[in-house]
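Predicted, not measured: the structure shown is a model, and the values here were computed from it. Numbers here simply count residues along the sequence, with the first being 1. Side-chain atoms are counted along with the backbone in the values below, which use heavy atoms only and exclude waters and symmetry mates.
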Amino acid sequence: QVQVVESGGALVQPGGSLRLSCTASGIIFRITAMGWYRQAPGKQREFVARITSGGRTTYGDSVKGRFTISRDNARETMCLQMINLQPEDTAVYYCTTGADTFWGRGTQVTVSS
C-alpha cells in the first residue's frame, strides 16, 4: 500500500520562505519521479514542480526562480524550498509519485500579513 505524506505547511508573511517535505512508503523511492501540485480556493489544480529519479527538474512558470525541488534518496524524502512567497502562493500543496499515480492529502501554505 502506497502512502504519501506531506509536511511543512504554515502561515508565513509575504517575502518569507518555507520548506515542504514529502515522504512516500510502499514505493521504490530512488527510481520514482516525484512532484508537487497546488490548489488555491476556487482555482484549478496547478503544476508546481517535478523531479525525476535522476534529479532532473521542471517547474511551473509561476514558481520558476523562487521554488526549488530536491530529493534525498538515502532518506527517501523529497522537498520543496520556497522563497519570496507571495499571497498568490497560498494553496494546499500536494505531493505526487511517479506519473502522478499516488497523491498525498496535502499541506496548507498560507501567505498573509
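Residues W36 and C95 have side chains in contact (heavy-atom distance under 4.5 Å, counting atoms from C-beta outward).
With hydrophobic clusters built from ILVMFWY side chains whose heavy atoms lie under 4.5 angstrom apart, L18 shares a cluster with V63. V92 and V109 sit in two unconnected hydrophobic clusters of ILVMFWY residues. Membership requires side-chain heavy atoms under 4.5 Å apart, directly or through other members. Grouping the Ile, Leu, Val, Met, Phe, Trp and Tyr side chains by contacts below 4.5 angstrom, directly or via other members, places I51 apart from V5. Neither Y94 nor M82 shares a network with the other; the hydrophobic side chains, linked directly or stepwise wherever heavy atoms of I, L, V, M, F, W or Y lie under 4.5 Å apart, form separate groups for each. Tracing side-chain contacts under 4.5 Å through hydrophobic residues (I, L, V, M, F, W, Y), one never reaches F67 starting from L11; they form parts of separate clusters.
T32 and I28 get closest at one heavy-atom pair: OG1-O, 2.8 Å. In this structure, R19 and S70 approach most closely via the heavy-atom pair NH2-OG, 4.1 Å. Shown here for I69 and Y59, the closest heavy-atom pair between the two residues is N-OH, 2.9 Å. Nearest approach of Q39 to K43, heavy atoms of both residues: NE2-O, 3.1 Å. The minimum heavy-atom distance linking N84 with R66 is given by the pair O-NH1, 3.0 Å. T77 and T23 get closest at one heavy-atom pair: OG1-CG2, 3.8 Å.
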* Going through the distances and angles, do C79 and C22 end up as a disulfide bond (SG atoms under 2.5 Å apart)? -> CA-CA 6 Å; C79 292; C22 173; over 6 Å; no
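For R45, the CZ atom sits in a packed shell: over 12 heavy atoms of surrounding residues, nucleotides or ligands are nearer than 6.0 Å.
For the atom pair CD of E6 and CG of L80, the computed distance is 11.0 Å after rounding to the nearest 0.5 Å. Between atom CE of residue M34 and atom CG of residue D100 there is a gap of 10.5 Å, rounded to the nearest 0.5 Å. Atom OG of S112 is separated from atom CG of D89 by 12.5 Å, given to the nearest 0.5 angstrom. Taken from OG in S7 to OH in Y93, the straight-line distance is 15.0 Å, to the nearest 0.5 Å. Taken to the nearest 0.5 Å, the OG1 atom of T97 stands 5.0 Å off from the CD1 atom of I27. Remark: N73 CG to I31 CD1 distance equals 10.5 Å, nearest 0.5 Å.
Between the side chain of T110 and the backbone N or O of T90, no donor-acceptor pair lies under 3.5 Å.
The aromatic rings of F47 and Y37 sit perpendicular to each other, their planes meeting at more than 60°, with 30° as the lower class boundary.
Counting only N and O atoms by type, the side chains of S62 and R38 include a donor and acceptor under 3.5 Å apart.
Both cation-pi conditions hold for R71 and F29: the charged atom is under 6.0 angstrom from the six-membered ring centre and inside a 45 degree cone around its axis.
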